[in-house]
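Data block below; observations after.
We count ligands from 1, going down the list as the structure has it; atoms in each ligand are counted the same way.
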Amino acid sequence: MSTRREFLGASIGAGLIGVTTTAGVLAQSASRSGGMDILILGGTGFIGPHLVTHAMARGHNITLFNRGRTNTHLFPDVDKLVGDRNNDLSALEGRRWDAVIDNSGYTPQQVGMSVELLKDACDQYLFTSTRSVYTDFTQDVMDEDAPVGPKDIPESAWAGYGPNKVLAERAVQAGFGARTLISRPPVIVGPGDRSDRFTYWVDRIDDGGDILVQGEPTDPLQFIDVRDLSEFYVHLLENSITGIYNTEGPGSALNTVGLVHGIKAITSTPSTFHWVDWDFLIDLGETPQGTLAFWQPPRGRYLNYGFTDNRRAIAKGLKFRPLAVIAKDTLDWHRTRTAAQQEQLRAGLSREREAELLRQWQNR
Ligand SMILES: NC(=O)c1ccc[n+]([C@@H]2O[C@H](COP(=O)([O-])OP(=O)(O)OC[C@H]3O[C@@H](n4cnc5c(N)ncnc54)[C@H](OP(=O)(O)O)[C@@H]3O)[C@@H](O)[C@H]2O)c1
């Protein structure tokens with residue numbers, strides 16, 4: 001069997017990405033291009049607004065369920081149900097939808113409650129999980145069958161984001177069986193992203209000058225544009241596709257040199273990139289879990305973290321807009337944010353810290 005690295009290398013050359021695999025069931029031959037009743041649990045954060053806009057443009061009827069706290073100004077004409085996933089789902093009782101999209105479930109308790117209430121009230125349940133369900137990124141092929149959840153800890157002691165998402169996935173499967181759809185995205189990027197992990201790079205490169213890039217130019221990385229993810233979700237539901245999908249982009253292998261030069265193509269500001277060793281940065285307190293969150297050093301249990309296999313999703317219709325488009329749209333959106341939001345990013349290095357680290361790196 002070829003490894004993910006070998007596969008990508010061969011398929012890029014031959015233009016072969018998109019091999020059909022066995023996951024997923026096409027229950028209907030005709031796609032439903034409009035008029036589905038779709039319930040979205042969440043809907044007003046980051047993915048939500050893009051998803052709602054696209055689904056409505058496709059002619060679907062949307063109902064939102066959330067606490068009514070986040071971006072309450074959005075979608076004044078959409079049916080909005082108010083409740084709390086932790087303790088009050090009463091607004092969902094006695095209703096029916098063709099499909100539910102769950103973007104706001106993090107624990108098996110939350111997801112189990114909504115599944116129990118909706119399993120006879122919806123045909124399909126699409127759960128937004130995460131790539132973080134995988135624990136061992138050393139597999140040659142990091143596909144949807146790779147091991148999930150902590151290996152050496154009893155399930156009763158599982159805690160944290162990834163393990164809870166594994167248990168939440170199981171709650172969906174227990175209630176919806178073959179009608180389950182699970183999406184495991186990596187870092188989601190694009191206009192509206194509040195994590196700033198990708199936005200940092202478009203902002204930094206647009207600013208120009210001497211730019212620190214962590215790790216090696218060959219470090220692989222993956223992300224998905226929020227609009228590509230939203231369009232794929234609607235496409236999956238329209239075609240009654242089920243199964244588990246690594247909703248990973250981009251469509252072909254990308255490393256950090258490709259990322260930064262791809263972004264550089266959208267700006268005329270002069271810049272020079274300086275790759276700085278991971279261990280040097282980690283020793284100084286800048287880590288891939290903290291300020292440098294976006295990609296991981298490709299070693300240890302993260303060896304193939306940047307090579308999660310997206311072939312099943314591609315075979316079912318996942319498409320990718322170009323990096324330059326994602327970068328330009330994200331930069332344009334970023335420039336509409338308040339001055340404070342533009343200055344205080346949630347990820348990346350401050351300009352002062354970056355200059356200090358580059359000075360230390362050059363003098364080491
Ligand atoms: N961002 C990434 O890079 C990334 C990567 C992988 C996976 N994911 C997954 O993507 C999902 C989050 O996406 P998003 O924030 O963009 O989703 P979203 O649906 O756009 O926003 C979150 C929604 O959840 C609602 N909500 C929060 N707590 C709630 C509660 N207790 N009861 C009812 N509603 C509640 C919020 O509204 P109210 O505040 O008004 O209740 C809001 O509408 C998560 O499942 C996450 O694990 C994200």
Side-chain angles (χ1 to χ4, degrees), residues 38-55 62-75 78-92 100-114 117-118 125-134 148 160-169 171-172 181-201 221-230 232-233 244-249 288-289 293-296 305 308 310 313 326 330 346-347:
I38 301 176
L39 167 66
I40 299 179
L41 304 179
T44 56
F46 172 36
I47 308 171
H50 294 282
L51 183 61
V52 174
T53 303
H54 179 66
I62 302 300
T63 306
L64 298 182
F65 174 87
N66 54 55
R67 296 166 303 176
R69 294 186 193 171
T70 304
N71 291 325
T72 50
H73 63 285
L74 289 175
F75 310 118
V78 165
D79 184 16
K80 291 178 181 170
L81 303 177
V82 177
D84 191 320
R85 300 212 50 177
N86 295 317
N87 49 36
D88 179 13
L89 301 184
S90 54
L92 299 175
V100 51
I101 301 177
D102 181 349
N103 285 338
S104 56
Y106 289 88
T107 67
Q109 292 78 17
Q110 290 174 332
V111 175
M113 273 170 54
S114 54
L117 187 72
L118 296 169
Y125 198 109
L126 193 170
F127 177 56
T128 299
S129 185
T130 168
R131 170 173 59 174
S132 301
V133 295
Y134 300 115
V148 296
Y161 180 57
N164 269 313
K165 283 284 199 178
V166 176
L167 297 174
E169 287 186 359
V172 182
L181 250 173
I182 289 172
S183 162
R184 293 174 175 167
V187 173
I188 304 169
V189 308
D193 175 16
R194 294 162 294 177
S195 81
D196 293 326
R197 287 168 292 188
F198 177 79
T199 308
Y200 169 77
W201 289 100
L221 76 156
Q222 290 174 301
F223 53 83
I224 183 82
D225 182 276
V226 64
R227 297 155 300 176
D228 294 336
L229 187 69
S230 300
F232 186 52
Y233 281 8
I244 302 176
Y245 298 96
N246 289 334
T247 39
E248 304 265 353
Q289 289 77 35
F294 192 174
W295 61 90
Q296 295 281 342
Y305 186 76
T308 310
N310 57 8
I326 304 170
T330 304
R346 293 184 180 171

Going by heavy-atom distance to [atom], choose the closest among [options].
atom                    : options              : value
atom 1 (N) of ligand 1  : R194, R197, R184     : R197
atom 20 (O) of ligand 1 : P185, S129, G48, G43 : G48
atom 41 (O) of ligand 1 : R69, R67, R131       : R67

(request) Could you label the plane-to-plane angle of the F198 and F294 rings as parallel, tilted or perpendicular, counting under 30° as parallel and over 60° as perpendicular? (result) perpendicular

(request) For the residue pair F127 and Y125, categorise the inter-ring angle as parallel (less than 30°), tilted (30 to 60°) or perpendicular (more than 60°). (result)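 Tilted: the ring planes of F127 and Y125 meet at 30° to 60°.
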
(request) Using a 4.0 Å heavy-atom cut-off, say whether Q110 meets ligand 1 through its side chain, its backbone, both or neither. (result)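 The answer is neither.
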
(request) Select one of side chain, backbone, both or neither to describe which atoms of S132 lie under 4.0 Å from any atom of ligand 1, heavy atoms only. (result)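 S132 to ligand 1: no contact under 4.0 Å from either part.
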
When you measure from the side chain of [X] to the backbone N and O of [Y], does any donor-acceptor pair fall under 3.5 Å?
X    : Y    : value
N164 : T107 : no
D88  : D84  : no
D102 : G105 : yes
S129 : I182 : no
T72  : G68  : no

N or O pair under 3.5 Å between [X] and ligand 1:
X    : answer
K165 : yes
P49  : no
F46  : yes
I47  : yes

Which ligand 1 atoms, with their elements, are less than 4.0 angstrom from a heavy-atom of [X]?
X    : value
T70  : 36 (C), 37 (O), 38 (P), 39 (O), 40 (O)
G68  : 40 (O)
S104 : 24 (O)
V187 : 3 (O)
N86  : 31 (N)

(request) With E169 as reference, evaluate V133, T130, V111 under the side chain to side chain contact (heavy atoms under 4.5 Å, CB included) test and give the passing residue. (result) V133

(request) Give the intermediate values and the outcome of side chain to side chain donor-acceptor pair (under 3.5 Å) for residues N103 and T128. (result) CA-CA 5 Å; N103 285 338; T128 299; 2.7 Å; yes

(message) As a quick check of understanding, evaluate side-chain contact (heavy atoms from CB on, under 4.5 Å) for R85 and Q109, giving each step before the final call.
(response) CA-CA 9 Å; R85 300 212 50 177; Q109 292 78 17; over 6 Å; no

Nearest neighbour in protein (non-hydrogen) for [atom]:
atom                    : answer
atom 34 (N) of ligand 1 : N66 CA, 3.4 Å
atom 48 (C) of ligand 1 : I188 CD1, 3.5 Å
atom 12 (C) of ligand 1 : N103 O, 3.4 Å
atom 31 (N) of ligand 1 : D84 OD1, 3.0 Å
atom 43 (O) of ligand 1 : T44 OG1, 2.5 Å
atom 5 (C) of ligand 1  : P186 O, 3.1 Å
atom 23 (C) of ligand 1 : G42 CA, 3.3 Å
atom 18 (P) of ligand 1 : G45 N, 3.5 Å

(request) Decide whether the shortest distance between a heavy atom of F223 and an atom of ligand 1 is less than 4.0 Å. (result) no

(message) Check this for me, if you would: do D193 and R346 make a salt bridge, where the nitrogen-to-carboxylate-oxygen distance has to be below 4.0 angstrom?
(response)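 Judged by the 4.0 Å cut-off on N to carboxylate O distance, D193 and R346 do not form a salt bridge.
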
(request) Flag the pair R184 and E248 as a salt bridge only when some basic side-chain nitrogen lies within less than 4.0 angstrom of an acidic carboxylate oxygen. (result) no

(request) With K165 as the cation and Y106 as the aromatic partner, state whether NZ or CZ is under 6.0 Å from the six-membered ring centre and within 45° of the axis. (result) yes

(request) May I ask you to check whether T247 and S183 show a side-chain donor-acceptor distance below 3.5 Å? (result)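 Present: a donor and an acceptor within the cut-off.
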
